[in-house]
Amino acid sequence: MDQAFTEGGPVEATSVAFLALAFLILAVDMVRSGGWARWHLALLTAALALRELDMDKALTQHGILSARLYSSAAPLEQKIAGAFAIAALVWASLRLLRRDLLPWVAALRRKESWAWLSFTAFGLYCVAKTLDGAARKLATWGIALSDDHSRLTTFAEEGLELVAAIFLLLSVLGWQLRRKFSRCGRMHS
């Protein structure tokens with residue numbers, strides 16, 4: 001059980017596989033439709049997969065999301081690459097909010113399953129990220145987790161990320177089907 005839920009273990013690899021599949025579906029849709037209007041969805045999904053693989057820390061001394069990268073004596077190329085990655089993620093996130101937030105909220109109100117799946121996935125990712133490194137985070141407050149509790153938080157984090165990745169993939173598939181059927185309905189009317 002411990003090996004299945006460790007960093008880089010089979011549970012994490014399965015999460016990455018589901019996220020990669022969601023990314024591929026979005027990327028293929030972009031290429032097929034000839035439009036890049038939804039590039040931000042593919043980029044953010046790829047970023048989730050890469051984050052799951054800890055690629056944000058693999059290419060730089062401190063990780064692109066760490067302030068230490070930009071305030072330390074890290075090489076300039078790492079700082080530029082990190083700043084570029086963060087700028088791309090911020091741009092994609094703002095684009096997501098501007099273009100897709102209102103239609104997504106409307107889909108939630110209509111109780112469309114794809115919208116609720118993505119909402120649940122987002123919530124699961126938030127809970128999982130709060131559990132990530134719980135022992136280290138709590139230690140700063142003088143709270144020590146037992147080994148059993150630390151293992152449990154690791155299991156919960158990886159399990160929640162797996163379920164979130166599955167829900168995200170199902171959301172992408174549902175969204176694609178909805179779009180396909182709505183186009184077919186317009187063609188027949």
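- If you chain together hydrophobic residues whose side chains sit under 4.5 Å apart, Val105 and Leu117 fall into the same group.
- The two residues Trp39 and Ala92 make their nearest non-hydrogen contact at CZ3-CB, 3.9 Å.
- Hydrophobic clustering of Ile, Leu, Val, Met, Phe, Trp and Tyr side chains at less than 4.5 Å, counting indirect connections, unites Trp36 with Trp91.
- In this structure, CG in Leu97 is found 9.0 Å from NE2 in His40, a value given to the nearest 0.5 Å.
- Summarising the geometry, atom CG belonging to Leu169 is positioned 4.5 Å from atom CG belonging to Leu173; distances are rounded to the nearest 0.5 Å.
- A pairwise comparison of heavy atoms in Trp114 and Gly174 identifies CB-C, 3.9 Å as the closest pair.
- When all heavy atoms of Tyr70 and Gly82 are compared, the pair lying nearest together is OH-C, 3.1 Å.
- Between Ala22 and Thr45, the shortest heavy-atom contact is CB-CG2, 3.9 Å.
- Residues Asp54 and Arg51 meet the side-chain proximity criterion, which asks for heavy atoms closer than 4.5 Å.
- Val127 and Val163 end up in the same hydrophobic cluster when Ile, Leu, Val, Met, Phe, Trp and Tyr side chains are linked at under 4.5 Å.
- Here the closest heavy-atom approach between residue Ala121 and residue Leu168 is recorded as CB-N, 4.1 Å.
- Interatomic distance, Leu94 CG to Leu101 CG, rounded to the nearest 0.5 Å: 12.0 Å.
- Lys111 places no side-chain N or O within donor-acceptor distance of the main-chain N or O of Trp116, the cut-off being under 3.5 Å.
- Note on Leu50: it does not cluster hydrophobically with Phe84, by side-chain heavy-atom contacts below 4.5 Å among ILVMFWY residues.
- With a 4.5 Å cut-off on side-chain heavy atoms, Gln176 and Ile25 count as touching.
- At a threshold of 4.5 Å between side-chain heavy atoms, the hydrophobic network of Ile, Leu, Val, Met, Phe, Trp and Tyr places Leu26 and Leu89 in one connected group.
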Take Tyr125 and Leu48 through the side-chain contact (heavy atoms from CB on, under 4.5 Å) test and state the conclusion after the steps. CA-CA 10 Å; Tyr125 274 121; Leu48 277 174; 4.1 Å; yes
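- In this structure, CD1 in Ile166 is found 13.5 Å from OG in Ser171, a value given to the nearest 0.5 Å.
- With values rounded to the nearest 0.5 angstrom, Phe167 atom CZ is found 15.5 Å from Phe122 atom CZ.
- Note that the CG atom of Leu160 and the NZ atom of Lys129 stand 10.5 Å from one another [nearest 0.5 Å].
- Within the 3.5 Å criterion, the main-chain N or O of Ala37 finds a donor-acceptor partner in the side chain of Arg95.
- For Trp175 and Trp104, the gap between ring centers reaches or exceeds 6.0 Å.
- Of the candidates Val16, Leu124, Thr14, Leu162 forms a side-chain contact (heavy atoms from CB on, under 4.5 Å) with just one, namely Thr14.
- Residue Ala165 comes nearest to Ser15 through the heavy atom pair CB-O, 3.6 Å, listed as atom of the first residue, atom of the second, then distance.
- The 12-atom threshold is not exceeded at CZ of Phe119, counting heavy atoms of other residues, nucleotides or ligands nearer than 6.0 Å.
- Between Asp100 and Leu41 the shortest side-chain heavy-atom distance falls below 4.5 Å.
- Of the charged side-chain nitrogens involved, at least one lies within less than 4.0 Å of a carboxylate oxygen, so that Arg151 and Asp148 count as a salt-bridged pair.
- Using a 4.5 Å heavy-atom threshold, the side chains of Glu158 and Glu52 count as touching.
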